[in-house]
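All values below were derived from every heavy atom in this structure, side-chain atoms included, with hydrogens, water molecules and symmetry-related copies excluded. This is a predicted model, so every value here is computed, not measured.
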Amino acid sequence: MKLKNIINTLSLAAVAFFATACQDTDAQIDIAEVDAPEFVSATLTKEVPVFFGETTIKVAFDKKINFASKNASQVTINGEAVDKAWVAGASNELTIVKTLDFCNSLSLHIPAGLIIGPQGKTYDEDIDETWTVAAMPTNDATAVTAKLGWGWNLGNHFDTYGDAIAKGWGYWDKVATITDAPFTTLAAAGAKTVRIPVTWTDHMDDSNVIPAAYLDEVAGVVDKVIAAGLNVIINTHHDSFETTLGDAAGDEEKAAAAKALIETLWTQVATKFKDYDADKLIFETFNEVHTGDDWGTGSDAQFALLNKWNQYAVDAIRATGGNNATRWIGVAGYAANIDLTIARLVLPEDPAKRIMVAVHCYDPYNFCTVPAKSGQNSWGHNADPDHSDSAAESYVVSQLYKLRKAYINKNIPCYLGEYGCVNQPTANANAFRAYYLEFFCRAANFAGIPMMIWDNNSKDSGDEAFGYIDHADGSWLNDSEKTVPMMIKACTSTDASYDFQTIWDKSPVVE
């Protein structure tokens with residue numbers, strides 16, 4: 001009986017509710033009006049020294065928006081329709097993609113009425129945004145860039161080590177005595193710098209003293225370089241601490257021994273050269289310090305210890321006085337790797353404020369260094385995809401621009417102490433080699449980075465065949481009579497018409 005009363009009561013309540021609702025025919029829910037979206041910003045997703053290739057722009061608004069993909073053809077960059085434009089999900093951001101030829105400025109145009117906001121309201125103004133490549137700064141870093149220009153490595157002469165020492169200092173490049181011939185050849189071609197890699201510790205006696213005769217031998221070659229009108233860089237190369245960073249990072253006793261060795265080595269070398277012109281001779285603390293066969297990883301402890309090592313070397317050099325008080329000193333990050341240097345190198349404290357950063361780059365390694373072993377025979381946008389590497393033009397430009405952003409723009413000189421590409425086994429592969437070298441050098445120029453080619457005096461072709469100038473008589477090796485002047489022009493020319501597109505259009509094709 002109670003259940004029946006409850007059902008009757010609910011039924012009467014429902015009838016009363018619907019009757020009341022039907023009587024109030026003018027009642028409605030108010031929906032607040034939303035303004036049209038407003039443009040906030042347009043942002044390039046990457047910074048480059050020149051615009052080219054696939055380029056992405058993000059256009060942000062203050063509200064969630066819609067965009068009809070069919071309207072992408074009305075959005076233009078430099079007067080040409082973009083490749084794609086879309087809004088990903090519920091977003092306030094329009095993504096635009098355009099593949100560009102080389103250019104120094106971008107002009108984005110989005111006509112009014114294409115951007116749709118809530119309630120169908122559109123943004124009714126044109127959007128016009130322009131980006132221009134930043135000009136190279138005028139500072140001490142760019143002055144050093146101009147001074148060092150394009151340079152050359154006397155590779156595998158003084159950087160022998162181990163059992164090779166007993167066979168003569170010049171064992172690896174098979175030249176017993178270096179004359180002035182290579183340097184006069186370089187000077188006549190327009191080169192400005194010679195880097196002399198030197199291994200010291202394997203020549204030391206049991207008391208860690210460098211023989212006077214060896215110091216004199218190195219100094220004699222430095223004298224020849226300077227007499228030819230060139231700048232010179234000397235370093236520590238394949239020294240005993242080159243690959244033992246990991247051991248020292250994990251052992252206090254080994255770390256202390258490495259510190260003592262670095263300090264005594266640089267004290268002796270710096271003392272020998274302290275009266276040399278501070279504007280002609282540069283010291284470079286280390287070459288490619290790493291751990292074992294680890295060239296691209298490292299660890300926090302190793303990075304921290306290498307930063308200390310650089311400080312020890314700088315302090316030892318400055319303490320010798322003379323022209324060493326103001327001499328430029330190059331310091332290297334882990335393995336001289338570009339990315340690890342930028343991420344983990346801490347510049348030493350220096351009262352003279354004359355510290356430079358040294359990096360190396362042989363990318364793509366398989367084409368530049370071991371093409372016979374790897375089977376890579378081409379490079380760049382026309383390369384054989386089955387026999388090439390993804391580290392093509394955009395990669396090279398990006399890597400070098402990272403250095404400009406991290407160092408040159410901040411008034412810190414930076415140089416490529418080593419780069420290169422071997423003499424290839426075939427004529428077609430050598431055409432790609434020439435294209436690579438010209439493009440790489442021009443990219444370095446646009447990034448403000450001086451560079452030194454690696455030369456091990458090889459007269460062969462194939463893996464590790466980095467011969468450009470004969471170390472004994474200064475004659476050209478392989479096709480270097482054309483290749484070296486080409487690299488010098490690409491690295492140093494101020495001709496604005498000599499741009500990337502000029503080089504790009506000369507790319508060979510696979511035969």
Straight-line distance of Tyr436 OH to Ile503 CD1, nearest 0.5 Å: 13.0 Å
Any side-chain to backbone donor/acceptor pair from Asn92 onto Phe61? Under 3.5 Å, distance only. yes
Are any of the side-chain heavy atoms of Val359 and Leu416 separated by less than 4.5 Å? yes
Okay, side chain of His290, backbone of Glu288: is any donor-acceptor separation there less than 3.5 Å? yes
Could you tell me if the side chain of Ile234 sits less than 4.5 Å from the side chain of Phe158, heavy atoms only? no
Which residue pairs pass the salt bridge (Lys or Arg N to Asp or Glu O under 4.0 Å) test when at least one of the two sits in residues 129-147, sequence neighbours left out? none
Check Ile65 against Pro37 and note the closest heavy-atom contact, atom names and distance. CG2-CB, 4.0 Å
Crowding at NZ, Lys410 (>12 non-hydrogen neighbours, <6.0 Å): no
Salt bridge (Lys or Arg N to Asp or Glu O under 4.0 Å) partners of Asp384, counting only residues at least two apart: none
Taking all heavy atoms of Tyr407 and all of Ile342, pick out the closest pair and write down the distance. OH-CA, 3.5 Å
Salt bridge (Lys or Arg N to Asp or Glu O under 4.0 Å) partners of Asp505, counting only residues at least two apart: none
Give every residue pair that meets the salt bridge (Lys or Arg N to Asp or Glu O under 4.0 Å) criterion with at least one member in residues 393-402, sequence neighbours excluded. Asp339-Lys402
Interatomic distance, CG@Leu281 vs CD1@Ile226, rounded to 0.5 Å, equals 6.0 Å
Side-chain contact, heavy-atom cut-off 4.5 Å: Leu245 with Leu305? yes
In terms of ring plane angle, is the pair Trp309 and Phe286 parallel, tilted or perpendicular, where the classes change at 30° and 60°? tilted
Verify, without hydrogens or angle tests, whether Asn307 (side chain) and Val346 (backbone) share a donor-acceptor contact under 3.5 angstrom. yes
Cationic tip of Arg327 within the cone over Phe283's six-membered ring, i.e. under 6.0 Å and within 45° of the normal? yes
By ring-ring contact (aromatic ring centres under 6.0 Å, His included) - contacts of Trp152 (at least two apart): His471
As an exercise, state the distance from CG of Asn323 to NZ of Lys280, rounded to the nearest 0.5 Å. 13.5 Å
So, does Thr142 use its side chain to make a donor-acceptor pair with the main chain of Pro137 at under 3.5 Å? yes
Just by modelled atom types, is the Ala112 backbone N or O under 3.5 Å from a matching donor or acceptor in the Asp124 side chain? no
Would you say the side chains of Ser480 and Asn478 form a donor-acceptor pair under 3.5 Å? no
Asn235 versus Glu284, side-chain donor and acceptor atoms under 3.5 Å: yes
What pairs of residues pass the side-chain hydrogen bond (donor to acceptor under 3.5 Å, both in side chains) test when at least one of them lies in residues 363-380, not counting sequence neighbours? Asp363-Tyr395
What residues, two or more places apart in sequence or in another chain, satisfy salt bridge (Lys or Arg N to Asp or Glu O under 4.0 Å) together with Lys405? Glu47
Donor-acceptor check, side chain of Asn423 to backbone of Ala465, threshold 3.5 angstrom: yes or no? no
Check the pair Arg318, Glu349 against salt bridge (charged side-chain N to carboxylate O under 4.0 Å, His left out), reporting the backbone distance first and the verdict last. CA-CA 11 Å; Arg318 295 294 186 226; Glu349 294 182 7; over 6 Å; no
Which side-chain hydrogen bond (donor to acceptor under 3.5 Å, both in side chains) pairs, counting each pair once, include a residue from residues 48-67, with sequence neighbours left out? Lys58-Thr95
From Met451, Arg195, Met356, residue fulfilling side chain to side chain contact (heavy atoms under 4.5 Å, CB included) relative to Leu148: Met356
Please check: side-chain N/O of Asn139 versus main-chain N/O of Ile408, any donor-acceptor pairing under 3.5 Å? yes
Pairs in or reaching into residues 483-493: which pass side-chain hydrogen bond (donor to acceptor under 3.5 Å, both in side chains), with residues at least two apart or in two chains? Asp479-Thr483
Whether Asn456 side chain and Ser458 backbone form a donor-acceptor pair below 3.5 Å: yes
Can you find a heavy atom in the side chain of Asn78 that is under 4.5 Å from one in the side chain of Thr76? no
Ring pair (Phe, Tyr, Trp, His ring centres under 6.0 Å) test vs Tyr419 passes for just one of Tyr362, Phe439, Phe440, namely Phe440
Tell me, do Ile96 and Leu94 make a side-chain contact under 4.5 Å, heavy atoms counted? yes
Over all atoms of both residues, closest heavy-atom pair of Val225 and Asn231: CG1-O, 3.6 Å
With distance as the sole test, does Asp126 use its side chain to make a donor-acceptor pair with the main-chain N or O of Asp128 at under 3.5 Å? no
Using modelled atom types and a 3.5 Å cut-off, is there a donor and acceptor pairing between side-chain atoms of Asn310 and backbone atoms of Val331? no
Scan residues 448-471 for pairs that pass salt bridge (Lys or Arg N to Asp or Glu O under 4.0 Å), counting only residues two or more places apart or in two chains. Lys459-Asp470
Could you list all the ring-ring contact (aromatic ring centres under 6.0 Å, His included) pairs where at least one residue sits in residues 67-120, not counting sequence neighbours? Phe52-Phe102, Phe102-Phe500, Phe102-Trp504
Thr502 versus Asp499, side-chain donor and acceptor atoms under 3.5 Å: yes
Sorted by chain and number, sequence neighbours left out, salt bridge (Lys or Arg N to Asp or Glu O under 4.0 Å) with Asp35 holds for none
To the nearest 0.5 angstrom, please state how far the CD1 atom of Ile449 sits from the CG atom of Leu400. 6.5 Å
Rounded to the nearest 0.5 Å, the CE atom of Met452 sits from the NE2 atom of His360 at a distance of 10.0 Å
Please give me the minimum heavy-atom distance between Ala332 and Leu306, naming the atom from each residue. O-CD2, 3.9 Å
Using 30° and 60° as the class limits, which term best fits the ring planes of Trp454 and His237: parallel, tilted or perpendicular? parallel
Of the non-hydrogen atoms in Phe432 and Ser507, which two are nearest, and what is the gap between them? CE2-OG, 4.4 Å
Nearest 0.5 angstrom please: Cys414 SG to Ile355 CD1, how far? 13.0 Å
Here the pair of heavy atoms bringing Ala135 nearest to Arg404 is O-NH2, 3.2 Å
